[in-house]
Protein chains: 2
Amino acid sequence: MTQTEQAYHHLLEAIVKGDILPGTRLREADLSRELGLGRGPLRDALHRLESRKMVNKVPHVGAQVVDFNPVEMIEIYELRERLEGMACELAAERMSDDDLAALGELLTTHRQFVEKHSGEAYIQQDTDLDFHFHIIQGAGNSWLTQLLCDELYHRVRMYRYQSAHQKARPERAMKEHTQIFEALSNRDGELAAMLMRRHIATARENLIRYIANTQ
Amino acid sequence: MTQTEQAYHHLLEAIVKGDILPGTRLREADLSRELGLGRGPLRDALHRLESRKMVNKVPHVGAQVVDFNPVEMIEIYELRERLEGMACELAAERMSDDDLAALGELLTTHRQFVEKHSGEAYIQQDTDLDFHFHIIQGAGNSWLTQLLCDELYHRVRMYRYQSAHQKARPERAMKEHTQIFEALSNRDGELAAMLMRRHIATARENLIRYIANTQ
DNA sequence: CTTAGGCTAATTGTTAACAATATAGATTGA
DNA sequence: TCAATCTATATTGTTAACAATTAGCCTAAG
């Protein structure tokens, strides 16, 4: 694995998890010293982060970790609504029975987790994404997968870490996931898509409410 | 404008227009000499092209211009269908009257062009994209705009240049554009979205037919 | 006291030399 | 003759020094 990739993944996770705070100026000299590499590979990593919109870069000025932006966040959720709805349509047609079975097991595991650690939101984060990723993969459209997983989801994860104190609703999400899974099992793409869109629309409404409360 | 950006735009256009053929190996030393810059900025440009999926890069091996891939092309059209449908829904709500008027003028200009140069497909290319871009902008979702214009459309343009000999159907496209415009003018987002999805679905079917014929 | 101008320091953009890696051809052995 | 290994070369990955640009500060004039 090349140093550029290492630096990219390291910085990406640090930004997503909030170890590097939004708005932080990223100085190439400092960072390269901290990460123990030259400025060349680091610059490559910063460019990649820029094209993923995780940092803002201004020529001759520098790079800065993106700040939380309510407008963009809502834009991203508008996109997720359509794209993951599309993923459901395609997944209902294209997922293999084995894939569906795996998704079912995932759901069972999650349900046990939710029942055991009821209310611990931070665990819900990853399990929730697992479910979504599995369906996205199942759609069998590599461009759709990249758009969602490589372009949009980093921001979604970043937002979730920032608003981690916010009460999640694992039981409700669990129920909605189960409904989506059943629709997929019945190969009813139209229904699965509708449920997924509604599922994400609910999340978007929570997001809007959260934004309104924090301002 | 920094050298990286210059190189990026130069190479992107060259690839899109077919001046650099698909499958061409891009050697850093050669290219930097031709473009008259160092390898550093050139590498940055290649990285950007890679993240836009216009070149494939393998560590320690090099970069190669993407080859025409029917499967990916269909994936992209599947995405366009949904995303531009979405753009229509949003544009019907959010476009200003001035924007709509401008779109109408665009359409008039195009109609005159089509009537004058009936059948000259290569002119149709850009004017067609103008129409689509205008609506995408009108949706007022910066992430949607970036996804479509920066990630997907380069490939679409590349494909169009490659299949330029294929007979376009300017009159039909013109008619469909007009219908979409009218729906937008009536602020009927649902209808506009449906027409747009169908418009792109038609293009996708042509694409599939074209692929079948060339194999 | 305010503002315009220039100067200094810090930071990014760029280049060229060096190190590491992979490919292709030659060589040797079975 | 074929296969496997080794070696040489070409190419990429990395580093460190150099050039260009920006932002902040200080000075001085109005």
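On a predicted model such as this, the values are computed, not experimentally measured, just so you know. Just so we're on the same page: letters track the sequence lines, and every chain starts at 1.
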B:T4 side chain near C:dG13 phosphate (N/O to OP1/OP2, under 4.0 Å): no

Distance test, side-chain N/O of A:K57 to OP1/OP2 of C:dT11, below 4.0 Å: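 For A:K57, the contact criterion (side-chain N or O under 4.0 Å from OP1 or OP2 of C:dT11) is not met.
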
[X] [atom1] - [N] [atom2] separation (whole Å):
X     : N      : atom1 : atom2 : answer
A:E28 : C:dA10 : CD    : C1'   : 12 Å
B:L35 : C:dT15 : CG    : C1'   : 15 Å
B:R27 : C:dA22 : CZ    : P     : 18 Å
A:L31 : C:dT11 : CG    : C1'   : 13 Å
A:Q6  : D:dT14 : CD    : C1'   : 13 Å
B:D44 : D:dT12 : CG    : C1'   : 14 Å
A:L37 : D:dT15 : CG    : P     : 6 Å
A:H60 : D:dT21 : NE2   : P     : 6 Å

Flag for A:D128-A:H110: side-chain donor and acceptor within less than 3.5 Å: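 Judged by distance alone, the side chains do not pair up.
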
Side chain of [X], backbone of [Y]: donor and acceptor closer than 3.5 Å?
X      : Y      : answer
A:S96  : A:D99  : yes
A:R80  : A:R204 : no
A:R187 : A:A92  : yes

Sugar-phosphate, base or nothing in reach of B:G62, heavy atoms under 4.0 Å: sugar-phosphate

Touch class at under 4.0 angstrom, heavy-atom based, for A:L26 against every strand present: sugar-phosphate

Can you figure out which of [options] approaches the side chain of [X] most closely?
X     : options                : answer
A:R25 : C:dT14, C:dT11, D:dT14 : C:dT11
B:Q3  : C:dT15, D:dG13, D:dT15 : C:dT15
A:R43 : C:dG13, D:dT11, C:dT11 : C:dG13
A:R39 : D:dT14, D:dT22, C:dG13 : C:dG13

Rounded distance (nearest 0.5 Å) linking atom NE2 of B:H47 with atom OG of A:S51: 10.5 Å

A:G38 or A:V61, whichever maps to the more 5' nucleotide of DNA chain D: A:G38

